[in-house]
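Structure record follows, encoded as structure tokens.
Here the structure is a predicted model, which is why all the values come from computation and not from measurement. Keep in mind that the numbers below use all heavy atoms, side chains included, and drop hydrogens, waters and symmetry copies.
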Amino acid sequence: MGNSPFSPLRASQKLNNGALVNLVISEKNWLETTAVDQLIHTTQLPGMLLGVGMPDLHPGKGQPIGAAFISQEHIYPHLVGSDIGCGMGLWHLDVPAHKFKMDKIEKRLVGLDEPYEESPNELLEQYDFDLSAFDRMGIENIDALNNKLGTIGGGNHFAEFQSVAKIFDSDVFEQTGLTKRSTVLLVHSGSRGLGQAILHQHMNSHGANSLTGSTQNGYLHQHDTAVKWAEINRYIIARRFLSAIKAGGHSILDITHNSVTALSSQQQNDMISLCAPLSLTEKSKHTMWIHRKGVSPTDQGLVMIPGSRGSHSYLVKPKTDNKNAISHGGYSLAHGAGRKWQRSDAKGKLRNNFTVKDLENNGFGGRVICKQRDLLFEEAPQAYKNIDVVISDLQQAGMIDLIAQFKPLLTYKTRKK
DNA sequence: ATGTCC
């Protein structure tokens, strides 16, 4: 490890199948052994070249969350999971932070769990979504699904108003058009029932087996459809929220963190040199694929990494100067703080020490709107790891430059009881 | 994560 620029941060290990496992995690970070077991187990699947665990790595349903997997020839839909296309959209509002009146805004955020009043099909067409893409998907009720367009969903999804807390790189920050007085809206949502229906359909016929060759086409088409649907969903959510608070704004970035995509030819060449002892040249005619489950890409511009709903979020710029760091990191970054406690544990641990009122306060003088009691406890900041440690691990690994830090003003989860 | 499992 002496010649590694990441030592001793990066625990790198070559498995029996020749694949590399990398952990972008420092000693001061904490992670569950289950998550590491899942990371190693998954990296042993046929065709795997590289598995990367980010500082927000935590156990999932068989495979870890906060991980990137690069394979050759093989695509594993279950590694992307059911929320295909889930991601973060960041919007710059035309309301300065000092004019953001919490009580007034909160009162205006109503009806946002209900179906959007505009026709979903017209909306989809408006955003250049090819409605014929739904053909042959075998999903029973597309209309019911499209009625979810513009709604946030459950789990860790949210829409959050934030203000600027700190600027680290004023040049890059100003290039986004933001100022220190700006208010932003961060939208975290995905493909709702669509991705789930696609994965279920796939699992019914193929289970957890990989797809190779032309058998990939059907899934990839559906996957790409879900990614686009999710992106449009975030777009409409943002527009709904802006319209509800009578503000204007525009999108700064939209980054998908659950997907499978082909590596660029440059990235494939980098992987061949990274995995040289595997003598990949023979197999290199096959496409390499990157599965992202709760990790953001490093080749799509700036990335927003949110903490919990009671902590800062960070706008970061993936570093481009260290090719080795980029390929070792699976062309990916952590996508958030990562869970510390399982959903099922969170309520039991917090019930006796925290009231609903406590958890509705975000610790920054702002609020979380979450009328679903169980969800409020499951998603409490205490159930998440410290975002500052996650960010510092990525920094120390040479993967990011910090651009700015944001503070939560008001988070919307759901008004449904 | 989920037009969510009982």
- A/Phe158 six-ring face occupied by A/Arg309 cation (under 6.0 Å, within 45°): yes
Could you write out each protein N or O paired with an N or O of nucleotides 3-6 of chain B at a distance under 3.5 Å?
| from | atom 1 | to | atom 2 | distance (Å) |
| --- | --- | --- | --- | --- |
| B/dG3 | OP1 | A/Gln196 | OE1 | 3.1 |
| B/dG3 | OP2 | A/Gly193 | N | 2.5 |

- Message: Suppose we screen for side chain to side chain donor-acceptor pair (under 3.5 Å). Which residues come up paired with A/Asn386, at least two apart in sequence or across chains?
- Response: none
- Query: side-chain hydrogen bond (donor to acceptor under 3.5 Å, both in side chains) with A/Ser332: which of A/His257, A/Lys293, A/Arg292, A/His291?
  - Reply: A/Arg292
- Item | Sugar-phosphate, base or nothing in reach of A/Gly190, heavy atoms under 4.0 Å | nothing
- Looking at A/His157, A/Arg192, A/Gln196, which one forms a side-chain contact (heavy atoms from CB on, under 4.5 Å) with A/Asp83? A/His157
- Query: Would A/Asp56 and A/Lys385 pass as an ion pair if we require N to O under 4.0 Å?
  - Reply: no
- Query: Cationic tip of A/Lys340 within the cone over A/Trp30's six-membered ring, i.e. under 6.0 Å and within 45° of the normal?
  - Reply: no
- Interatomic distance, CG@A/Leu263 vs OH@A/Tyr331, rounded to 0.5 Å, equals 5.5 Å
- Task: Tell me which residues in residues 117-126 of chain A put a heavy atom below 4.0 Å from DNA chain B, sorted by number, or none.
- Result: none
- Message: Using ring centroids (six-membered ring only for Trp), state whether A/Phe364 and A/His312 fall under 6.0 Å.
- Response: yes
